Amino acid sequence: MSCIAVIGTQWGDEGKAKMIDYYSTSADIIVRYQGGANAGHTVVTNEKKYIFHLIPSGILHKDKTCVISNGVVLDPEQLLAEIDMLAKDGVEVAGRLYVSDAAHLILPYHKALDAAMEEASSKKIGTTRRGIGPSYADKALRTGIRVGDLLDEAYLRERLDQALKIKNVHLEKVYGMKPIQPADVLGMLLGFRDRIRDMIINTQNFLYQSLRQNRSILLEGAQGDALDIDHGTYPYVTSSNTTIGGALTGTGLPPFAIKEVIGITKAYVTRVGEGPFPTEDLGEIGVMLREKGGEYGSTTGRPRRCGWFDCELLDFARRTNGLTSIALTKLDVLSGLEKIRVAVNYEIDGKKLDYCPTSHLGHITPVYEELDGWSEDISTCNHYDDLPSRAKEYIRFISNRLDLPVSIVSVGPDRKNTFAML
Ligand code: GDP
Ligand code: IMO
Ligand code: MG
(Lines give C-alpha, C1' and ligand atoms only; values in the text may rest on other atoms or scores of the structure.)
(Ligands and ions follow the chains in the order given, each with its own letter.)
Protein backbone atom coordinates (compact mmCIF):
# COMPACT_ATOMS: atom_id res chain seq x y z
CA MET A 1 0.00 0.00 0.00
CA SER A 2 1.52 3.31 -0.94
CA CYS A 3 0.06 6.73 -0.67
CA ILE A 4 2.07 9.96 -0.67
CA ALA A 5 0.67 13.37 0.18
CA VAL A 6 2.19 16.53 -1.25
CA ILE A 7 1.47 19.68 0.72
CA GLY A 8 2.46 23.33 0.27
CA THR A 9 4.24 24.51 3.42
CA GLN A 10 3.93 28.28 3.06
CA TRP A 11 1.17 30.49 1.57
CA GLY A 12 0.75 28.57 -1.68
CA ASP A 13 2.57 28.64 -5.03
CA GLU A 14 5.54 26.71 -3.68
CA GLY A 15 5.90 24.79 -6.94
CA LYS A 16 3.60 21.92 -5.95
CA ALA A 17 2.46 21.18 -9.50
CA LYS A 18 5.99 20.88 -10.81
CA MET A 19 6.75 18.37 -8.08
CA ILE A 20 3.47 16.48 -8.60
CA ASP A 21 4.38 16.13 -12.25
CA TYR A 22 7.80 14.84 -11.17
CA TYR A 23 6.44 12.32 -8.64
CA SER A 24 3.68 11.22 -11.05
CA THR A 25 6.10 9.00 -12.93
CA SER A 26 6.04 6.59 -9.99
CA ALA A 27 2.34 6.89 -9.10
CA ASP A 28 -0.73 5.20 -10.56
CA ILE A 29 -3.35 7.69 -9.44
CA ILE A 30 -3.10 11.43 -8.77
CA VAL A 31 -5.82 13.09 -6.68
CA ARG A 32 -6.85 16.71 -6.13
CA TYR A 33 -8.66 16.63 -2.79
CA GLN A 34 -9.45 20.19 -1.60
CA GLY A 35 -9.76 23.76 -2.80
CA GLY A 36 -10.99 24.59 -6.26
CA ALA A 37 -10.01 26.81 -9.15
CA ASN A 38 -8.36 29.23 -6.72
CA ALA A 39 -5.35 26.97 -7.26
CA GLY A 40 -3.01 27.74 -10.14
CA HIS A 41 -0.68 24.80 -10.69
CA THR A 42 2.03 25.23 -13.30
CA VAL A 43 3.71 22.35 -15.11
CA VAL A 44 6.42 23.09 -17.68
CA THR A 45 7.37 20.34 -20.06
CA ASN A 46 9.44 20.60 -23.23
CA GLU A 47 9.12 24.38 -23.07
CA LYS A 48 5.32 24.14 -23.01
CA LYS A 49 3.58 25.62 -19.97
CA TYR A 50 0.27 24.34 -18.59
CA ILE A 51 -1.62 25.94 -15.71
CA PHE A 52 -4.11 23.62 -14.04
CA HIS A 53 -6.75 24.95 -11.70
CA LEU A 54 -8.76 21.77 -11.14
CA ILE A 55 -7.38 18.82 -13.06
CA PRO A 56 -4.59 17.05 -11.17
CA SER A 57 -1.12 18.04 -12.34
CA GLY A 58 -0.25 14.44 -13.21
CA ILE A 59 -2.65 14.43 -16.18
CA LEU A 60 0.12 14.97 -18.75
CA HIS A 61 1.36 11.45 -18.02
CA LYS A 62 -0.96 9.65 -20.38
CA ASP A 63 -0.90 6.30 -18.58
CA LYS A 64 -2.03 7.77 -15.24
CA THR A 65 -5.46 8.03 -13.69
CA CYS A 66 -6.51 11.35 -12.19
CA VAL A 67 -9.21 11.96 -9.62
CA ILE A 68 -11.03 15.05 -8.38
CA SER A 69 -12.32 13.85 -5.04
CA ASN A 70 -15.10 14.91 -2.69
CA GLY A 71 -13.21 17.70 -0.88
CA VAL A 72 -12.86 19.83 -4.00
CA VAL A 73 -15.31 22.60 -4.89
CA LEU A 74 -15.72 22.25 -8.61
CA ASP A 75 -16.35 25.03 -11.12
CA PRO A 76 -18.02 23.30 -14.11
CA GLU A 77 -16.98 25.89 -16.70
CA GLN A 78 -13.37 25.75 -15.53
CA LEU A 79 -13.25 21.98 -15.66
CA LEU A 80 -14.55 21.92 -19.23
CA ALA A 81 -12.09 24.64 -20.25
CA GLU A 82 -9.21 22.51 -18.94
CA ILE A 83 -10.47 19.35 -20.61
CA ASP A 84 -10.73 21.26 -23.92
CA MET A 85 -7.30 22.83 -23.52
CA LEU A 86 -5.75 19.39 -23.01
CA ALA A 87 -7.68 17.87 -25.93
CA LYS A 88 -6.23 20.53 -28.24
CA ASP A 89 -2.78 19.26 -27.33
CA GLY A 90 -3.78 15.64 -27.86
CA VAL A 91 -4.11 14.85 -24.16
CA GLU A 92 -7.36 12.90 -23.82
CA VAL A 93 -8.85 12.50 -20.36
CA ALA A 94 -11.70 10.10 -21.13
CA GLY A 95 -11.36 6.88 -19.14
CA ARG A 96 -8.68 8.29 -16.85
CA LEU A 97 -10.23 11.32 -15.19
CA TYR A 98 -12.84 10.73 -12.49
CA VAL A 99 -14.90 13.21 -10.55
CA SER A 100 -16.51 12.54 -7.17
CA ASP A 101 -20.29 12.51 -6.99
CA ALA A 102 -19.88 14.16 -3.57
CA ALA A 103 -17.82 17.15 -4.76
CA HIS A 104 -19.69 20.43 -4.41
CA LEU A 105 -20.27 22.65 -7.41
CA ILE A 106 -19.23 26.27 -7.67
CA LEU A 107 -22.11 28.06 -9.37
CA PRO A 108 -22.30 31.55 -10.89
CA TYR A 109 -23.83 32.95 -7.70
CA HIS A 110 -20.87 31.77 -5.64
CA LYS A 111 -18.49 33.68 -7.87
CA ALA A 112 -20.73 36.76 -7.93
CA LEU A 113 -21.01 36.75 -4.13
CA ASP A 114 -17.28 36.20 -3.63
CA ALA A 115 -16.53 39.28 -5.77
CA ALA A 116 -19.34 41.35 -4.24
CA MET A 117 -18.24 40.60 -0.67
CA GLU A 118 -14.67 41.57 -1.50
CA GLU A 119 -15.74 44.80 -3.19
CA ALA A 120 -17.97 45.77 -0.27
CA SER A 121 -15.46 44.94 2.46
CA SER A 122 -13.26 47.58 4.05
CA LYS A 123 -10.88 44.79 5.16
CA LYS A 124 -10.45 42.69 2.08
CA ILE A 125 -9.06 39.16 2.18
CA GLY A 126 -7.81 39.41 -1.35
CA THR A 127 -9.57 36.22 -2.50
CA THR A 128 -9.16 34.87 -5.99
CA ARG A 129 -12.88 35.58 -6.54
CA ARG A 130 -13.40 32.03 -7.76
CA GLY A 131 -16.37 31.46 -5.44
CA ILE A 132 -14.46 29.28 -3.00
CA GLY A 133 -15.70 30.74 0.31
CA PRO A 134 -19.39 30.96 -0.70
CA SER A 135 -19.35 27.41 -2.05
CA TYR A 136 -17.76 25.88 1.07
CA ALA A 137 -20.20 27.96 3.15
CA ASP A 138 -23.12 26.36 1.28
CA LYS A 139 -21.58 22.95 1.87
CA ALA A 140 -21.52 23.64 5.62
CA LEU A 141 -25.05 25.07 5.51
CA ARG A 142 -26.18 21.96 3.61
CA THR A 143 -27.54 24.10 0.82
CA GLY A 144 -24.84 23.16 -1.68
CA ILE A 145 -25.35 21.29 -4.94
CA ARG A 146 -23.15 18.28 -5.57
CA VAL A 147 -21.87 16.67 -8.73
CA GLY A 148 -24.05 13.59 -8.09
CA ASP A 149 -27.16 15.81 -8.06
CA LEU A 150 -26.63 16.39 -11.78
CA LEU A 151 -27.81 12.84 -12.40
CA ASP A 152 -31.31 13.50 -11.04
CA GLU A 153 -32.76 16.40 -13.00
CA ALA A 154 -35.92 16.90 -10.93
CA TYR A 155 -33.92 16.97 -7.69
CA LEU A 156 -31.33 19.29 -9.23
CA ARG A 157 -34.03 21.70 -10.37
CA GLU A 158 -35.57 21.73 -6.89
CA ARG A 159 -32.22 22.32 -5.12
CA LEU A 160 -31.30 25.08 -7.55
CA ASP A 161 -34.65 26.87 -7.24
CA GLN A 162 -34.37 26.75 -3.48
CA ALA A 163 -30.81 28.03 -3.46
CA LEU A 164 -31.48 30.85 -5.92
CA LYS A 165 -34.48 32.11 -3.97
CA ILE A 166 -32.10 33.06 -1.18
CA LYS A 167 -29.03 33.90 -3.25
CA ASN A 168 -30.94 36.33 -5.43
CA VAL A 169 -32.24 38.24 -2.39
CA HIS A 170 -28.68 38.45 -1.18
CA LEU A 171 -27.35 39.56 -4.57
CA GLU A 172 -30.08 42.12 -5.23
CA LYS A 173 -30.87 43.55 -1.80
CA VAL A 174 -27.43 43.50 -0.19
CA TYR A 175 -25.19 44.09 -3.17
CA GLY A 176 -27.49 45.73 -5.73
CA MET A 177 -26.63 43.11 -8.34
CA LYS A 178 -28.80 41.52 -11.02
CA PRO A 179 -30.59 38.29 -10.03
CA ILE A 180 -29.46 35.04 -11.62
CA GLN A 181 -32.07 33.09 -13.59
CA PRO A 182 -32.50 29.42 -12.57
CA ALA A 183 -33.00 28.41 -16.21
CA ASP A 184 -29.59 29.82 -17.18
CA VAL A 185 -27.79 27.91 -14.45
CA LEU A 186 -29.78 24.74 -15.12
CA GLY A 187 -28.99 24.90 -18.85
CA MET A 188 -25.28 25.25 -18.12
CA LEU A 189 -25.37 22.39 -15.60
CA LEU A 190 -27.19 20.01 -17.92
CA GLY A 191 -24.68 20.70 -20.66
CA PHE A 192 -21.90 20.04 -18.16
CA ARG A 193 -23.57 16.81 -17.00
CA ASP A 194 -23.76 15.53 -20.55
CA ARG A 195 -20.05 16.01 -21.00
CA ILE A 196 -18.83 14.53 -17.74
CA ARG A 197 -21.49 11.90 -17.03
CA ASP A 198 -19.07 9.00 -17.53
CA MET A 199 -16.51 10.53 -15.18
CA ILE A 200 -18.81 10.72 -12.15
CA ILE A 201 -18.06 7.99 -9.61
CA ASN A 202 -17.84 7.37 -5.90
CA THR A 203 -14.16 8.31 -5.58
CA GLN A 204 -13.92 7.21 -1.95
CA ASN A 205 -14.70 3.65 -2.96
CA PHE A 206 -12.49 3.88 -6.05
CA LEU A 207 -9.51 5.03 -3.99
CA TYR A 208 -10.07 2.45 -1.29
CA GLN A 209 -10.27 -0.38 -3.84
CA SER A 210 -7.18 1.01 -5.58
CA LEU A 211 -5.25 0.86 -2.32
CA ARG A 212 -6.34 -2.74 -1.82
CA GLN A 213 -5.01 -3.51 -5.28
CA ASN A 214 -1.66 -1.99 -4.28
CA ARG A 215 -1.95 0.89 -6.72
CA SER A 216 0.08 3.90 -5.62
CA ILE A 217 -1.73 7.15 -4.93
CA LEU A 218 -0.34 10.66 -5.00
CA LEU A 219 -2.40 13.27 -3.16
CA GLU A 220 -2.01 16.76 -4.61
CA GLY A 221 -2.61 19.49 -2.06
CA ALA A 222 -3.67 22.94 -3.15
CA GLN A 223 -2.77 26.25 -1.51
CA GLY A 224 -0.38 26.11 1.44
CA ASP A 225 -0.34 25.11 5.07
CA ALA A 226 -0.58 28.71 6.35
CA LEU A 227 -3.79 29.30 4.37
CA ASP A 228 -5.62 26.55 6.28
CA ILE A 229 -9.07 27.59 7.54
CA ASP A 230 -8.31 26.26 11.05
CA HIS A 231 -4.55 26.52 11.40
CA GLY A 232 -3.70 29.39 9.08
CA THR A 233 -3.61 33.16 9.51
CA TYR A 234 -7.39 33.55 9.92
CA PRO A 235 -9.27 35.40 8.48
CA TYR A 236 -6.65 35.75 5.74
CA VAL A 237 -6.99 32.13 4.71
CA THR A 238 -8.82 30.01 2.20
CA SER A 239 -11.97 28.08 3.13
CA SER A 240 -10.63 24.53 3.23
CA ASN A 241 -8.19 22.49 5.29
CA THR A 242 -4.94 22.74 3.41
CA THR A 243 -3.11 20.81 6.13
CA ILE A 244 -2.96 17.02 6.10
CA GLY A 245 -6.42 16.53 7.61
CA GLY A 246 -7.90 17.88 4.38
CA ALA A 247 -6.30 14.99 2.49
CA LEU A 248 -8.25 12.53 4.65
CA THR A 249 -11.64 14.25 4.76
CA GLY A 250 -11.24 15.27 1.14
CA THR A 251 -10.78 11.68 -0.05
CA GLY A 252 -12.19 9.37 2.61
CA LEU A 253 -8.87 7.51 2.78
CA PRO A 254 -7.87 6.11 6.17
CA PRO A 255 -4.98 7.89 7.95
CA PHE A 256 -2.73 4.84 8.03
CA ALA A 257 -2.76 4.77 4.21
CA ILE A 258 -0.52 7.84 4.01
CA LYS A 259 3.09 6.72 4.20
CA GLU A 260 4.85 9.96 3.32
CA VAL A 261 3.99 13.63 3.57
CA ILE A 262 6.25 15.77 1.42
CA GLY A 263 6.28 19.49 2.11
CA ILE A 264 6.84 21.53 -1.02
CA THR A 265 8.86 24.49 0.12
CA LYS A 266 10.06 27.54 -1.77
CA ALA A 267 13.64 28.62 -0.99
CA TYR A 268 12.16 32.01 -0.03
CA VAL A 269 8.55 32.92 0.81
CA THR A 270 5.72 34.46 -1.19
CA ARG A 271 2.15 35.39 -0.44
CA VAL A 272 -0.60 36.67 -2.69
CA GLY A 273 -3.56 38.48 -1.17
CA GLU A 274 -3.80 40.21 2.18
CA GLY A 275 -2.65 39.04 5.62
CA PRO A 276 0.42 38.98 7.84
CA PHE A 277 3.78 38.02 6.40
CA PRO A 278 6.57 38.44 8.98
CA THR A 279 9.54 38.05 6.64
CA GLU A 280 8.15 40.13 3.77
CA ASP A 281 10.73 42.38 2.12
CA LEU A 282 9.17 45.58 0.89
CA GLY A 283 12.45 46.85 -0.56
CA GLU A 284 14.61 45.96 -3.54
CA ILE A 285 15.15 42.31 -2.49
CA GLY A 286 11.39 41.76 -2.60
CA VAL A 287 11.27 43.28 -6.08
CA MET A 288 14.26 41.22 -7.22
CA LEU A 289 12.66 37.96 -6.01
CA ARG A 290 9.38 38.83 -7.72
CA GLU A 291 10.95 39.63 -11.05
CA LYS A 292 13.56 36.86 -11.10
CA GLY A 293 11.15 34.29 -9.68
CA GLY A 294 8.28 35.33 -11.98
CA GLU A 295 6.19 35.80 -8.87
CA TYR A 296 2.85 36.71 -10.38
CA GLY A 297 -0.27 34.72 -9.49
CA SER A 298 -0.94 31.70 -11.74
CA THR A 299 -4.69 32.22 -11.25
CA THR A 300 -5.18 35.98 -10.98
CA GLY A 301 -1.91 37.43 -12.33
CA ARG A 302 -1.55 39.53 -9.16
CA PRO A 303 2.02 40.34 -8.07
CA ARG A 304 3.06 38.09 -5.20
CA ARG A 305 4.54 39.59 -2.07
CA CYS A 306 8.04 38.21 -1.49
CA GLY A 307 10.37 37.75 1.46
CA TRP A 308 12.97 35.64 3.24
CA PHE A 309 12.79 31.98 4.21
CA ASP A 310 10.95 31.52 7.49
CA CYS A 311 11.94 28.52 9.63
CA GLU A 312 9.12 29.11 12.13
CA LEU A 313 6.53 28.87 9.37
CA LEU A 314 8.16 25.67 8.17
CA ASP A 315 8.43 24.24 11.63
CA PHE A 316 4.70 24.82 11.99
CA ALA A 317 4.13 22.95 8.71
CA ARG A 318 6.35 20.11 9.92
CA ARG A 319 4.39 19.74 13.13
CA THR A 320 0.91 20.12 11.65
CA ASN A 321 1.38 17.75 8.75
CA GLY A 322 3.91 15.27 10.08
CA LEU A 323 6.21 16.07 7.16
CA THR A 324 8.59 13.26 6.31
CA SER A 325 10.77 15.41 4.03
CA ILE A 326 10.75 18.64 2.10
CA ALA A 327 11.26 19.35 -1.58
CA LEU A 328 13.07 22.67 -1.92
CA THR A 329 12.05 24.67 -5.00
CA LYS A 330 13.24 27.81 -6.77
CA LEU A 331 16.74 27.67 -5.26
CA ASP A 332 18.00 29.14 -8.57
CA VAL A 333 16.18 32.41 -7.86
CA LEU A 334 18.52 33.14 -4.93
CA SER A 335 21.66 33.10 -7.12
CA GLY A 336 23.41 36.46 -7.17
CA LEU A 337 22.47 37.56 -3.65
CA GLU A 338 25.54 38.51 -1.63
CA LYS A 339 23.84 37.68 1.67
CA ILE A 340 20.76 35.53 2.28
CA ARG A 341 18.67 36.04 5.39
CA VAL A 342 16.80 33.24 7.10
CA ALA A 343 14.31 33.85 9.91
CA VAL A 344 15.23 31.32 12.59
CA ASN A 345 12.89 32.44 15.38
CA TYR A 346 10.08 34.78 16.23
CA GLU A 347 10.05 37.28 19.06
CA ILE A 348 7.12 39.08 20.56
CA ASP A 349 7.82 42.04 22.90
CA GLY A 350 11.47 40.98 22.99
CA LYS A 351 10.64 37.43 24.12
CA LYS A 352 11.42 34.36 22.03
CA LEU A 353 8.40 32.30 20.96
CA ASP A 354 8.73 28.58 20.61
CA TYR A 355 5.84 28.22 18.19
CA CYS A 356 4.27 30.01 15.25
CA PRO A 357 1.09 31.83 16.34
CA THR A 358 -1.82 31.84 13.91
CA SER A 359 -3.36 35.01 15.24
CA HIS A 360 -1.61 38.32 15.62
CA LEU A 361 1.22 37.11 13.43
CA GLY A 362 1.46 40.76 12.42
CA HIS A 363 2.90 41.63 15.85
CA ILE A 364 5.85 39.26 15.89
CA THR A 365 9.40 40.17 14.92
CA PRO A 366 11.48 37.62 13.06
CA VAL A 367 15.03 37.01 14.24
CA TYR A 368 17.36 36.52 11.28
CA GLU A 369 20.60 34.74 10.63
CA GLU A 370 22.60 35.78 7.60
CA LEU A 371 24.24 33.28 5.29
CA ASP A 372 26.69 33.93 2.46
CA GLY A 373 25.10 33.82 -0.96
CA TRP A 374 26.52 32.45 -4.22
CA SER A 375 26.95 34.13 -7.57
CA GLU A 376 26.80 31.13 -9.91
CA ASP A 377 23.79 30.37 -12.09
CA ILE A 378 22.64 26.98 -10.76
CA SER A 379 19.76 26.38 -13.15
CA THR A 380 21.75 23.84 -15.16
CA CYS A 381 22.83 21.80 -12.15
CA ASN A 382 21.41 18.30 -12.19
CA HIS A 383 23.12 16.86 -9.17
CA TYR A 384 23.73 18.01 -5.60
CA ASP A 385 27.47 17.80 -6.20
CA ASP A 386 27.18 20.37 -9.01
CA LEU A 387 25.93 23.06 -6.62
CA PRO A 388 28.30 25.75 -5.32
CA SER A 389 29.32 25.12 -1.72
CA ARG A 390 27.29 28.05 -0.38
CA ALA A 391 24.10 26.73 -2.00
CA LYS A 392 24.81 23.37 -0.36
CA GLU A 393 25.33 25.19 2.93
CA TYR A 394 21.93 26.92 2.52
CA ILE A 395 20.21 23.53 2.02
CA ARG A 396 22.08 22.02 4.98
CA PHE A 397 21.20 24.97 7.19
CA ILE A 398 17.47 24.64 6.47
CA SER A 399 17.50 20.87 6.82
CA ASN A 400 19.33 21.03 10.17
CA ARG A 401 17.19 23.81 11.58
CA LEU A 402 14.01 21.92 10.68
CA ASP A 403 15.40 18.51 11.50
CA LEU A 404 13.98 17.25 8.22
CA PRO A 405 15.63 15.73 5.17
CA VAL A 406 15.50 17.65 1.90
CA SER A 407 14.47 14.96 -0.58
CA ILE A 408 14.40 16.97 -3.82
CA VAL A 409 15.92 20.22 -5.03
CA SER A 410 14.38 22.17 -7.90
CA VAL A 411 16.44 24.75 -9.79
CA GLY A 412 14.13 25.74 -12.63
CA PRO A 413 10.54 25.43 -13.85
CA ASP A 414 11.13 22.55 -16.26
CA ARG A 415 10.89 18.86 -15.36
CA LYS A 416 14.56 18.45 -16.11
CA ASN A 417 15.60 21.11 -13.56
CA THR A 418 15.11 18.73 -10.64
CA PHE A 419 17.31 16.36 -8.70
CA ALA A 420 16.79 13.91 -5.87
CA MET A 421 18.88 14.15 -2.71
CA LEU A 422 17.92 10.92 -0.96
P1 GDP B 1 1.92 25.79 -7.20
O2 GDP B 1 0.63 26.52 -7.03
O3 GDP B 1 2.53 25.42 -5.89
O4 GDP B 1 1.82 24.61 -8.12
O5 GDP B 1 2.94 26.82 -7.86
P6 GDP B 1 2.65 27.83 -9.07
O7 GDP B 1 2.56 27.08 -10.32
O8 GDP B 1 1.50 28.74 -8.74
O9 GDP B 1 3.92 28.77 -9.00
C10 GDP B 1 5.22 28.25 -9.09
C11 GDP B 1 5.94 28.96 -10.25
O12 GDP B 1 7.32 28.73 -10.16
C13 GDP B 1 5.51 28.44 -11.60
O14 GDP B 1 5.61 29.47 -12.54
C15 GDP B 1 6.56 27.35 -11.89
O16 GDP B 1 6.74 27.12 -13.29
C17 GDP B 1 7.79 27.99 -11.29
N18 GDP B 1 8.78 27.05 -10.74
C19 GDP B 1 8.57 25.87 -10.09
N20 GDP B 1 9.75 25.38 -9.63
C21 GDP B 1 10.70 26.25 -9.99
C22 GDP B 1 12.11 26.33 -9.77
O23 GDP B 1 12.73 25.48 -9.14
N24 GDP B 1 12.77 27.43 -10.28
C25 GDP B 1 12.12 28.43 -10.96
N26 GDP B 1 12.84 29.44 -11.41
N27 GDP B 1 10.80 28.37 -11.19
C28 GDP B 1 10.10 27.33 -10.70
P1 IMO C 1 -2.10 27.27 -5.16
O2 IMO C 1 -2.74 25.91 -5.08
C3 IMO C 1 -1.66 31.22 -3.39
C4 IMO C 1 -5.17 32.87 -1.35
C5 IMO C 1 -5.79 34.09 -1.98
C6 IMO C 1 -6.33 34.78 -0.74
C7 IMO C 1 -6.79 33.62 0.12
C8 IMO C 1 -8.28 33.32 0.02
O9 IMO C 1 -1.84 27.73 -6.53
O10 IMO C 1 -0.92 27.35 -4.25
P11 IMO C 1 -9.75 32.15 -1.86
O12 IMO C 1 -9.98 32.52 -3.30
O13 IMO C 1 -9.19 30.80 -1.67
O14 IMO C 1 -10.97 32.38 -1.02
O15 IMO C 1 -8.67 33.23 -1.35
O16 IMO C 1 -6.06 32.49 -0.32
N17 IMO C 1 -5.03 31.71 -2.26
C18 IMO C 1 -3.86 31.33 -2.79
N19 IMO C 1 -2.63 31.89 -2.74
N20 IMO C 1 -1.83 30.07 -4.05
C21 IMO C 1 -3.06 29.49 -4.10
O22 IMO C 1 -3.25 28.25 -4.62
C23 IMO C 1 -4.15 30.13 -3.49
N24 IMO C 1 -5.46 29.87 -3.38
C25 IMO C 1 -5.98 30.83 -2.61
O26 IMO C 1 -4.84 34.86 -2.66
O27 IMO C 1 -5.27 35.42 -0.07
MG1 MG D 1 -0.21 28.37 -7.58
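Each residue takes its place number in the sequence, starting with 1. Computed from a prediction, not measured in an experiment: that's the story for all the values here.
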Neighbour count above 12 (heavy atom, 6.0 Å) for [X] [atom1]:
X	atom1	value
Y234	OH	no
R96	CZ	yes
Y208	OH	no
N46	CG	no
K49	NZ	no
D403	CG	no

Are any non-hydrogen side-chain atoms of [X] and [Y] less than 4.5 angstrom apart?
X	Y	answer
L314	L404	no
V261	I7	yes
I83	M199	yes
R130	Q78	yes
L79	H53	no
L313	T9	no
S100	V72	no
Q10	F309	yes

Taking all atoms of both residues into account, what is the closest heavy-atom pair of [X] and [Y], and its distance?
X	Y	result
P182	D161	CB-OD1, 3.5 Å
K64	T25	NZ-O, 3.2 Å
H104	K139	NE2-CG, 3.4 Å
I395	M421	CG2-CE, 4.1 Å
P76	L105	CG-CD2, 4.1 Å
Y368	T279	OH-CA, 3.3 Å

Run M177 and Y109 through side-chain contact (heavy atoms from CB on, under 4.5 Å) and show every step you take. CA-CA 11 Å; M177 295 172 78; Y109 48 84; over 6 Å; no
Show the numbers, then the answer: is there a side-chain hydrogen bond (donor to acceptor under 3.5 Å, both in side chains) between D101 and N202? CA-CA 6 Å; D101 57 358; N202 178 321; 4.9 Å; no
Just verifying a value: how many Å separate [X] [atom1] and [Y] [atom2], rounded to the nearest 0.5 Å?
X	Y	atom1	atom2	answer
N70	T249	CG	OG1	7.5 Å
I340	W374	CD1	CH2	4.0 Å
Y23	L218	OH	CG	9.0 Å
D114	T128	CG	OG1	6.0 Å
L190	L156	CG	CG	6.5 Å

Only one of [options] forms a side-chain hydrogen bond (donor to acceptor under 3.5 Å, both in side chains) with [X], so which one is it?
X	options	value
N38	T127, D75, T238	T238
Y296	R304, R302, E291	E291
S57	R32, K16, E220	E220

Under 3.5 Å, is there a donor on one side chain and an acceptor on the other for [X] and [Y]?
X	Y	answer
S240	Q34	yes
Y346	D310	yes
H110	D138	yes

side-chain contact (heavy atoms from CB on, under 4.5 Å) evaluation trace for E77 with L80: CA-CA 5 Å; E77 287 154 322; L80 293 183; over 6 Å; no
Is the Lys NZ or Arg CZ of K18 less than 6.0 Å from the centre of Y22's six-membered ring, within 45° of the axis?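 No cation-pi geometry.
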Pair V73, I132 - check side-chain contact (heavy atoms from CB on, under 4.5 Å), show working. CA-CA 7 Å; V73 279; I132 306 297; 4.1 Å; yes
Go through it in stages, so that I can follow the logic: the residues are D225 and N321, the test is side-chain hydrogen bond (donor to acceptor under 3.5 Å, both in side chains), and I'd like the CA-CA distance, side-chain angles, deciding distance and then a yes or no. CA-CA 8 Å; D225 177 85; N321 302 298; 2.8 Å; yes
Regarding [X] and [Y], does a basic nitrogen lie under 4.0 Å from an acidic carboxylate oxygen?
X	Y	answer
R195	D84	yes
E153	R193	yes
D21	R415	yes
R271	E295	no

Before giving the answer on side-chain hydrogen bond (donor to acceptor under 3.5 Å, both in side chains), spell out for Y50 and D89 the whole-Å C-alpha distance, their side-chain angles and the decisive distance to 0.1 Å. CA-CA 11 Å; Y50 293 87; D89 281 353; 2.8 Å; yes
Would you find a donor on one side and an acceptor on the other, under 3.5 Å apart, between the side chain of [X] and the backbone of [Y]?
X	Y	answer
S69	G250	yes
S379	V411	no
E118	I125	yes
S335	D377	no
D281	G283	yes
T265	L328	no

Identified side chain to side chain contact (heavy atoms under 4.5 Å, CB included) counterpart of L189 within the set L150, D149, D184: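 Result for side chain to side chain contact (heavy atoms under 4.5 Å, CB included) with L189: L150.
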Worked verdict on T270 versus W11 for side-chain hydrogen bond (donor to acceptor under 3.5 Å, both in side chains): CA-CA 7 Å; T270 63; W11 278 289; over 6 Å; no
What verdict does the side-chain contact (heavy atoms from CB on, under 4.5 Å) test give for M19 and E14, after you've listed the backbone C-alpha separation in whole Å, the side-chain angles of each residue and the deciding distance to 0.1 Å? CA-CA 10 Å; M19 297 315 307; E14 297 89 350; over 6 Å; no
So Y98 and F206, would you call those rings parallel, tilted or perpendicular, with 30° and 60° as cut-offs? tilted
Stepwise, does the salt bridge (charged side-chain N to carboxylate O under 4.0 Å, His left out) test hold for K339 with E369? CA-CA 10 Å; K339 296 281 179 193; E369 277 194 31; over 6 Å; no
